[in-house]
Amino acid sequence: MVSAPRDLGFGRTGHGHEIPLHGPDLSAQFMRRLSFAQSLVFRWPISMAEETANDTQVAQDNEMAPSNEAIQGDELVHGEELVQGDDEFVQGEELAHGDDLVQGNELVVAEATTPPTTGTRRRRKKSLVWEHFTIENVAGGATRACCKLCKQTFAYSSGSKIAGTSHLKRHITLGSCPKIKNQDRLALPSTGGTDNDGEGTVERPTKRRYRYTGYANAAFDQDRSCSYLAKLIIQHDYPLHIVQQPAFATFIESLQPRFKIVDVEMMEAEVYAVYQKERENLLQAFNTMPGRISLTIGLWTTSQTLGYVSLAGQFIDSEWKVHRRMLNFMMVSSPHSENALSEAISLCLSDWNMKDKLFTITLDNECSSHDIYSANLRDYLSNKNNLMLKGQLFVVRCYAHILNAVAQDVIASIHGVIYNIRESIKFIKASSAREEKFAEIALQLEIPSTKTLCLDVTTQWNTTYLMLLAALDYKQAFTTLETCDDNYNEAPSAEDWKKVDAACTYLKLLYDSAHSIMAAANPTANIFFHEAWKLQLELANGTGHEDPTFSSIAKDMHERFDKYWKDCSLVLAIAVVMDPRFKMKLVEFSYSKIYGAEAAKYVKVVNDAVHELYKEYVAQPLPLTPAYVEHGETNNGPANANNSQGAAPTGDGLLDFDMYLSEIQSSQPSKSELEQYLDESLTPRIQEFDILNWWKLNTVKFPTLSKMARDILAIPMSMVGSGSSIFSAGTGTRMLDDYRSSLRPEIVEALVCAKDWLQYAPPAATDAQNSALLKAEGFLTRRCCHPPSSSPPQDLGFTSSAFVLLGPSPNTAAAPPPRRADSAAGARLPPPHS
């Protein structure tokens, strides 16, 4: 007598729950999954002994994963998945088909009307994407793949056709999943695995061929991680002692327990190593710099009365792109002394091998003795450096700082009125009831303004200007509010409003000029002449205003700005001459407006300076062209420099003809490049005009003049870099914070300079693109099943740009990172001062 089996278990789900099937009492869930089957044939064991023996082998027959291998998410062990393509129901027991005798708890599934499939069996799904997806049944016998992270579903099976998995891989690996879009993109691994529960990383033998991995299998490099940590501290101005904070140590341990937290001294060595490496890269770039360099000089002080000088260099490279880089940030005994500053500049040029490449320096010095200061600085450096045009262009004053200085003078002249307006706005903004009452008054008075009252930021004069401009529209409302509310008595008088009106009139000139400079994509030197001459003209005209309130403010502004115009008008004018849209024509036009009958005298000064400077460039050797190099000829003389038609003998039998051309050219005076340039018609003024690209395209036509234009256009007329706000620029010495002041000067310089250099450095090397994951399933399967015996496991993960503490980028394995070399760190880092 054959007894019914006690259990028809089908293995376990991804959660480890059994699905009991006792005799004919099948669960509803199981019936839904077998709805497509037309018949079930149960074959029972012949003897109870065989049944009992096979009952003990359920785990082996089900091919369960070992107990230490967790099955991820809601995923079933793929033996219980329904495969409809061949009308087979494949389970973890590796079911037999047809009339085969089945042992133990195995279930035979056959098609009643179709002969059973013979040959190979359908294996469980082995695609790596099933670590991240589950299969869900939908109406109509179709199934969809559901992402475990975002729960988004994708087409998988329509009942008769099974879709591929490429779209599922793209969802995970390319960051399409919203849950991982801002995180590291997941990677589908090839081999290997580790256990990482946050307390340690333990390697274990590979028992499953496919499992989820990421950085857990990446080769960890302590030195590389320390270097990235140093860059993080540099770029985000974190204090060096952040490595000693317990919260930071806990955070790092959660990312990579094997990372050993270093002390502050070692982190200083890492920061200095980053500085040295980036400095070497920049030094190599300077060696190929085709033109001269101009410096900007910034003065800093500390709460300990220590002085620092920052030196940044601006130049145009061989591709006619403007660059500005921080060169030095050094401590000096007295930064306001021209001798100390001259020594700092000389040391900087010596360190960077640019003694013969200095063109101009730009200062933010606002002291009354600027002329003496500049003259002494010019005399000192001219003895050690070859200054162009006898140093007439050498010292340039920062345009942004002069705008801020003039604006601050205007604000200071009406500071009492500004105080009243500021307090009035505070009173109105104190409660919603007062705001509503003020709005009602403005509505009753039919004030058309749409501006909003707002408080200013005292360190940024543009916000003060906008506050005054808005308050000026509501001046009647302030007066009315004072009569309606006994608690308010700060309304400005009619005379006060006239002062505000005059101040806003002239502050607008400065405000518009600053915005024009900041709007320029490439703030080359030529754009500053337009703003400076218009401002000089408006302020000069304002001094003759009939209203004494307006004329008084204009006189104070013009007195300060006129000093800047006299110091820098020559270099501004020469720069605009290098603009093919204007040349000397704009200089002639603007000077006629400013100087009237005396304009010709000032135009001649500019014209003579341009020609004299050009002669100095003609005297310099030009780089050899390939044709002249091949024939061993040089082009050092002025005549050869201007002879654009000369060519080396070609050996074509026309030597007499070449001699004839030479005689004609020597007898007929030819125009210089400068004369040709000035005589040509002006380039049309279009909004998209790129002056650097124009000179790049005309370098062959004007080889000598283009060298001159390269150096002039690179002059930093403003110390404020591209993309920065002019309004926040200080008007004098800046203060270094207490933390930076407490560090050694070498470390301060490394932090400041390296931060500037790293923002221009090429992006960190990333891992191989995940496009390999989108290849055929068979390729991935072969790589997973048959990994190279001698090669380490491959990681296809994505390297995070924020924290790369968990391992290096695989594609940089051939070029190992610089060793930190604890024993050698002291050699790279200057010793502490005694």
Side-chain angles (χ1 to χ4, degrees), residues 288-292 316-320 356-357 359 386 388-390 526 574-588 603-604 606-684 689-714:
T288 61
M289 184 175 61
R292 290 175 172 259
I316 296 177
D317 64 11
S318 57
E319 294 297 322
W320 287 87
D356 299 329
K357 292 186 176 183
F359 191 59
N386 182 22
M388 304 297 291
L389 206 59
K390 300 179 181 180
N526 59 295
I574 293 178
V576 83
V577 171
M578 295 294 100
D579 191 331
R581 298 170 296 176
F582 304 105
K583 302 180 181 178
M584 284 294 299
K585 303 301 181 182
L586 183 60
V587 176
E588 297 169 0
V603 170
K604 186 178 184 300
V606 176
N607 187 70
D608 292 345
V610 170
H611 283 78
E612 185 66 27
L613 183 61
Y614 172 73
K615 290 179 181 179
E616 295 186 19
Y617 276 91
V618 168
Q620 299 176 4
L622 283 175
L624 299 178
T625 61
Y628 285 96
V629 172
E630 179 180 355
H631 295 280
E633 297 190 15
T634 60
N635 194 359
N636 297 332
N640 290 337
N642 297 328
N643 185 7
S644 60
Q645 298 179 351
T650 59
D652 55 3
L654 295 177
L655 181 59
D656 295 341
F657 177 69
D658 293 334
M659 297 176 61
Y660 170 73
L661 292 179
S662 177
E663 292 175 359
I664 293 178
Q665 292 173 0
S666 61
S667 62
Q668 296 179 355
S670 60
K671 290 185 178 180
S672 66
E673 293 179 22
L674 178 60
E675 294 299 332
Q676 294 179 33
Y677 169 77
L678 295 178
D679 290 344
E680 290 180 354
S681 59
L682 300 180
T683 301
F689 180 76
D690 186 348
I691 186 173
L692 296 180
N693 187 58
W694 189 93
W695 279 106
K696 179 180 179 181
L697 297 177
N698 288 271
T699 300
V700 176
K701 183 178 181 181
F702 305 114
T704 302
L705 191 61
S706 62
K707 289 180 58 181
M708 175 177 161
R710 185 197 304 272
D711 295 340
I712 292 175
L713 294 177

**OP:** Quick one: do F689 and T683 satisfy side-chain contact (heavy atoms from CB on, under 4.5 Å)? Show the steps, please.
**Re:** CA-CA 9 Å; F689 180 76; T683 301; 3.8 Å; yes
Original post:
Counting only N and O atoms by type, is there a donor-acceptor contact under 3.5 Å from the side chain of E588 to the main-chain atoms of V603?
Top reply: no
Subject >> Under 3.5 Å: donor-acceptor pair, side chain of E612, backbone of L389 >> reply: no
**OP:** Evaluate the side-chain proximity of S318 to T288: yes if any heavy-atom separation is below 4.5 Å, no if none is.
**Re:** no
Original post:
Quick one: OH on Y677 to OG1 on T704, what's the gap to the nearest 0.5 Å?
Top reply: 15.0 Å
**OP:** Look up atom CZ in R581 and atom CG in L586, then write down how far apart they are to the nearest 0.5 Å.
**Re:** 10.0 Å
**OP:** To the nearest 0.5 Å, tell me how far L613 CG sits from M578 CE.
**Re:** 8.0 Å
Original post:
Can you name the residues that form a ring-ring contact (aromatic ring centres under 6.0 Å, His included) with F582, not counting sequence neighbours?
Top reply: H530
Original post:
Closest approach of E673 and L705, non-hydrogen atoms and distance?
Top reply: OE1-N, 2.9 Å
Original post:
Closest heavy-atom contact between K583 and V587?
Top reply: O-CG2, 4.1 Å
Subject >> Point-to-point distance, once rounded to the nearest 0.5 Å, from CZ of R292 to CD1 of I316 >> reply: 14.5 Å
Original post:
Does the pair M708 and E616 meet the rule for a side-chain contact (heavy atoms from CB on, under 4.5 Å), with working shown?
Top reply: CA-CA 9 Å; M708 175 177 161; E616 295 186 19; over 6 Å; no
Original post:
Any side-chain heavy-atom pair from H611 and L678 closer than 4.5 angstrom?
Top reply: yes
**OP:** Please confirm whether the backbone N or O of K707 pairs with a side-chain atom of W695, one donor and one acceptor, at under 3.5 Å?
**Re:** no
Original post:
Which atoms form the tightest heavy-atom contact between P290 and D317, and what is the distance?
Top reply: CG-C, 3.8 Å
Subject >> Criterion side-chain contact (heavy atoms from CB on, under 4.5 Å) on W694 and D579, from CA distance to verdict >> reply: CA-CA 9 Å; W694 189 93; D579 191 331; over 6 Å; no
Original post:
Rounded to the nearest 0.5 Å, how far apart are CZ of R710 and NZ of K696?
Top reply: 10.5 Å
Subject >> Distance in Å, L692 CG paired with L713 CG, rounded so as to fall on 0.5 Å steps >> reply: 6.0 Å
Subject >> Shortest non-hydrogen contact between S706 and T699, atoms and distance >> reply: OG-CG2, 3.7 Å
Subject >> Short N-O contact, E680 and K701, less than 4.0 angstrom >> reply: yes
